[in-house]
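Notes follow once the structure below has been shown.
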Amino acid sequence: MSSHQTRPLHDAPSEREYAPYYAKYVALIEGDVLGVLRRQLADINSLPGELTERRAGEPYEPGKWSAKEVVGHLVDTERIFAYRALRFARGDRTELPGFDQDEYVRAANFNGRTLADIAAEFAAVREATLRLLDSFGRQEWTRSGPANDSEVSVRALAYIAAGHAAHHFKILRERYPK
């Protein structure tokens with residue numbers, strides 16, 4: 001834990017701090033968001049032992065992503081949320097564009113990699129995200145900026161990243177059973 005003990009981490013962001021689409025992710029997080037982000041590392045680290053490579057490379061139904069693609073999507077999205085948080089925490093109010101998650105997954109060839117490799121990449125990206133977020137003081141946590149045509153705060157981005165991962169971990173547990 002850093003020396004920034006006055007961060008507003010225990011309170012969820014208000015609905016004014018993010019686009020309505022993200023409410024479903026923010027609602028999944030209770031308590032200290034950094035603690036949730038840290039605990040999610042155990043979820044990703046256990047995943048390769050829970051799924052065979054063959055099963056991880058197959059979608060649970062036609063038109064859906066494979067488990068490898070879901071985890072790869074988490075990696076890409078985490079990077080984007082962390083980049084937005086960095087820019088806004090530093091006071092950069094440049095409008096940041098959205099991204100097409102399906103195009104990212106199609107272009108990535110996640111199924112050509114091992115699940116363990118993609119999970120390790122997610123863990124590394126999450127560690128970097130945690131270091132970034134942990135470095136922010138109160139002022140940085142409350143800054144915001146425009147992304148994908150909506151205002152979003154740094155604090156909301158942390159909650160969105162945690163909730164987004166929680167949402168997809170639930171899908172992985174339910175749709176890709178052992």
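Residues: numbered from 1 along the sequence shown.
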Minimum-distance pair of heavy atoms, taken over all atoms of P48 and A116
CG-CA, 3.7 Å
If a pair satisfies ring pair (Phe, Tyr, Trp, His ring centres under 6.0 Å) and one of its residues is in residues 44-71, list it, with sequence neighbours excluded.
Y60-Y176, W65-H73
What distance do R143 atom CZ and S153 atom OG have between them, rounded to the nearest 0.5 Å?
12.5 Å
Determine the interplanar angle of the H164 and H168 rings, folded into 0 to 90°, and report it as parallel if under 30°, tilted if 30 to 60°, perpendicular if over 60°.
perpendicular
Which residues share a salt bridge (charged side-chain N to carboxylate O under 4.0 Å, His left out) with E95, sequence neighbours left out:
none
Residue list, side chain to side chain donor-acceptor pair (under 3.5 Å) with R93, at least two apart or on another chain:
E151
Donor on one side chain, acceptor on other, N148 and S150, under 3.5 Å:
no
Of the non-hydrogen atoms in L37 and A161, which two are nearest, and what is the gap between them?
CD2-C, 4.4 Å
Within this structure, what is the CG-CD distance for the pair L115 and E50, rounded to the nearest 0.5 Å?
9.5 Å
Does the side chain of V33 come within less than 4.5 Å of I29's, by heavy atoms?
yes
Taking C-beta and beyond as the side chain, do R38 and D134 meet within less than 4.5 Å on heavy atoms?
yes
Could you check whether any side-chain heavy atom of F136 comes within less than 4.5 Å of a side-chain heavy atom of R90, counting everything from C-beta outward?
yes
CD1-CG distance between I118 and N111, expressed to the nearest 0.5 angstrom:
7.0 Å
Distance-minimising heavy-atom pair for A85 and L157
N-CD1, 3.5 Å
Pairing residues for R54 by the salt bridge (charged side-chain N to carboxylate O under 4.0 Å, His left out) criterion, not counting sequence neighbours
E58
Has E61 got more than 12 heavy atoms of other residues, nucleotides or ligands less than 6.0 Å from its CD?
yes
What side-chain hydrogen bond (donor to acceptor under 3.5 Å, both in side chains) pairs are there with at least one residue in residues 112-123, not counting sequence neighbours?
R79-E121, R113-D117, R113-E121
Apply side-chain contact (heavy atoms from CB on, under 4.5 Å) to I80 and list each qualifying residue two or more places apart in sequence or on a separate chain.
R84, F99, Y104
Could you note down all residue pairs passing salt bridge (charged side-chain N to carboxylate O under 4.0 Å, His left out) where residues 63-73 supplies at least one of them, sequence neighbours left out?
E53-K68
All side chain to side chain donor-acceptor pair (under 3.5 Å) counterparts of E103, not counting sequence neighbours:
R106
Beyond-backbone contact of F81 with V152, side-chain heavy atoms, under 4.5 angstrom
no
Work out which heavy atom in G31 is nearest to a heavy atom in Y159; give both atom names and the distance.
O-OH, 3.3 Å
Rounded at 0.5 Å granularity, tell me how far CG in L86 sits from CD in E140.
10.5 Å
By side chain to side chain donor-acceptor pair (under 3.5 Å), which residues pair with D43, not counting sequence neighbours?
none
Assess the residue pair L96 and F88 against the criterion (side-chain contact (heavy atoms from CB on, under 4.5 Å)); give the C-alpha distance rounded to whole Å, side-chain angles, the decisive distance to 0.1 Å, and a yes or no.
CA-CA 10 Å; L96 298 177; F88 301 151; 3.7 Å; yes
Which value, rounded to the nearest 0.5 Å, describes the distance between L132 atom CG and E127 atom CD?
13.0 Å
Nearest-0.5 Å distance that lies between atom OH in Y25 and atom OG1 in T77
8.0 Å
So, do T142 and V154 sit near enough that their side-chain heavy atoms are less than 4.5 Å apart?
no
Could I get the full list of salt bridge (charged side-chain N to carboxylate O under 4.0 Å, His left out) partners for E15, not counting sequence neighbours?
none
Contacts of type salt bridge (charged side-chain N to carboxylate O under 4.0 Å, His left out), residue E174, not counting sequence neighbours:
K170
Shortest non-hydrogen pair, L172 vs L47, comes out as CD1-CD2, 3.9 Å
Test of understanding: with side-chain contact (heavy atoms from CB on, under 4.5 Å), list the residues that count as partners of A165, not counting sequence neighbours.
Q40, L74, R126, F169
Could you check if a side-chain atom of V71 sits within less than 4.5 angstrom of a side-chain atom of F110, using non-hydrogen atoms only?
no
Do L130 and L41 have side-chain heavy atoms sitting under 4.5 Å apart?
yes
